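Have a look at the structure below, then the notes.
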Amino acid sequence: AQKVTQAQTEISVVEKEDVTLDCVYETRDTTYYLFWYKQPPSGELVFLIRRNSFDEQNEISGRYSWNFQKSTSSFNFTITASQVVDSAVYFCALSEATGRGSYIPTFGRGTSLIVHP
Amino acid sequence: DTAVSQTPKYLVTQMGNDKSIKCEQNLGHDTMYWYKQDSKKFLKIMFSYNNKELIINETVPNRFSPKSPDKAHLNLHINSLELGDSAVYFCASSYRVNTEAFFGQGTRLTVV
């Protein structure tokens, strides 16, 4: 079973539409960390947000917002008024303790977002 | 200044060769990683070092050997390259083992 599921393989929207990227995770740990990363067509991976399991506050950063719900093990990402520059592959990731004092990150398979002008 | 830099950016080589990818970070981070991204964009961690000590060693063929001469460097050496090794390899670093990672620009390895 996947630890991080991004069920949407590809989403296509027209500019200015709002879009939500889903992320569902699976863990037995009480302490864990969730992340979103963006990979534009140029190929680099860019960090967007980090959340720890004890902080369920939603976050807004400009047009980006994140909804963390432990009850449904979800950490969804919404882009408001999408722009062509938002076109990228977006990865959700989960970091869990290894029991040896370290954490191991697991990435979802990514959602490819295409924003058409 | 580039925070995490890896070289080379592109590497084309024949099967059976040995090659190395170098990675350096100037962020003062304690933890460094190697990830492999396959043709379907799936990202998987290969290794992680914390303060020069190997802390994560996922199921990777032992033809792959990481080397960390100091906290700022984590190189990846690959012996006897195979066609299936073709992928993009990303180096990354993080302040601590549970904080966000900063990635290099990737090395596209093509084995022919």
Side-chain angles (χ1 to χ4, degrees), chain A residues 2-6 8-10 21 23 27 29-55 59 61 66 75 87-114, chain B residues 2-11 23 25 27 29-60 68 87-110:
Chain A
Q2 290 184 50
K3 284 183 173 286
V4 181
T5 302
Q6 295 181 253
Q8 304 147 310
T9 307
E10 184 177 296
L21 310 181
C23 174
T27 181
D29 289 355
T30 53
T31 302
Y32 54 89
Y33 299 84
L34 295 162
F35 306 83
W36 276 95
Y37 291 88
K38 174 182 179 180
Q39 187 173 38
S42 51
E44 73 272 23
L45 279 149
V46 179
F47 163 74
L48 296 177
I49 190 171
R50 168 181 178 257
R51 262 284 174 271
N52 74 54
S53 51
F54 299 107
D55 182 3
E59 177 143 345
S61 175
W66 290 269
F75 186 41
S87 296
V89 179
Y90 290 87
F91 292 95
C92 180
L94 164 71
S95 196
E96 302 172 280
T98 63
R100 290 169 286 170
S102 182
Y103 281 78
I104 185 163
T106 304
F107 279 72
R109 291 194 168 264
T111 296
S112 177
L113 174 64
I114 302 167
Chain B
T2 306
V4 181
S5 61
Q6 53 183 108
T7 54
K9 191 170 181 182
Y10 299 98
L11 186 51
C23 179
Q25 55 97 0
L27 297 166
H29 287 167
D30 284 347
T31 308
M32 294 187 73
Y33 312 83
W34 277 108
Y35 284 86
K36 178 180 180 181
Q37 186 172 45
D38 64 23
S39 57
K40 295 185 178 180
K41 297 277 191 179
F42 182 47
L43 260 172
K44 185 154 170 45
I45 190 166
M46 300 171 69
F47 303 103
S48 176
Y49 271 73
N50 190 53
N51 282 318
K52 292 173 36 179
E53 182 184 342
L54 181 66
I55 55 173
I56 295 174
N57 184 355
E58 288 297 276
T59 309
V60 176
S68 182
V88 180
Y89 292 85
F90 283 97
C91 176
S93 73
S94 63
Y95 175 56
R96 289 190 182 141
V97 294
N98 58 358
T99 58
E100 60 273 17
F102 292 83
F103 287 80
Q105 78 272 34
T107 295
R108 183 173 293 277
L109 171 66
T110 304

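Keep in mind the model is a prediction, meaning the values are calculated, not measured.
- Among all heavy-atom pairs drawn from A:F47 and B:A101, the shortest one is CB-O, 4.0 Å.
- To the nearest 0.5 Å, atoms CD (B:E58) and OG1 (A:T106) are separated by 7.5 Å.
- Crowding of B:R108 atom CZ: a count of heavy atoms from other residues, nucleotides or ligands under 6.0 Å not exceeding 12.
- Rounded to the nearest 0.5 Å, atoms CZ (A:R51) and CD (B:E100) are 12.0 Å apart.
- For B:Y95, the OH atom is loosely surrounded, since the number of other residues' heavy atoms within 6.0 Å does not exceed 12.
- With a 4.5 Å cut-off on non-hydrogen atoms, B:I45 touches chain A through its side chain but not through its backbone.
- Contacts of A:F54 classified as side-chain contact (heavy atoms from CB on, under 4.5 Å), with partners at least two apart in sequence or in another chain: A:T31, A:N52.
- Of the atoms belonging to B:A92, not a single heavy atom falls under 4.5 Å from chain A.
- When all heavy atoms of B:T99 and A:R50 are compared, the closest pair comes out as CA-NE, 3.6 Å.
- The environment of CD in B:E53 is sparse: at most 12 heavy-atom neighbours from other residues, nucleotides or ligands sit within 6.0 Å.
- In this view, B:N50 and B:D30, B:T31, B:I55, B:V97 satisfy the side-chain contact (heavy atoms from CB on, under 4.5 Å) rule, not counting sequence neighbours.
- Of the residues considered (B:Q37, B:Q105, B:K44, B:K40), B:Q37 shows the highest number of contacts with chain A, using heavy-atom pairs under 4.5 Å.
- Scanning both residues, A:P105 and B:Y35, for their nearest heavy atoms gives CG-OH, 3.0 Å.
- Legend: residues meeting ring-ring contact (aromatic ring centres under 6.0 Å, His included) with B:F47, ordered by chain and number and at least two apart, are absent.
- The stretch residues 32-40 of chain A places A:Y33, A:F35, A:Y37, A:Q39 near chain B, each with some heavy atom under 4.5 Å from a heavy atom of that chain.
- To the nearest 0.5 Å, atom CZ of residue B:R96 and atom OH of residue A:Y103 are 11.5 Å apart.
- Residues A:I104 and B:S48 fail the side-chain proximity criterion, which asks for heavy atoms closer than 4.5 Å.
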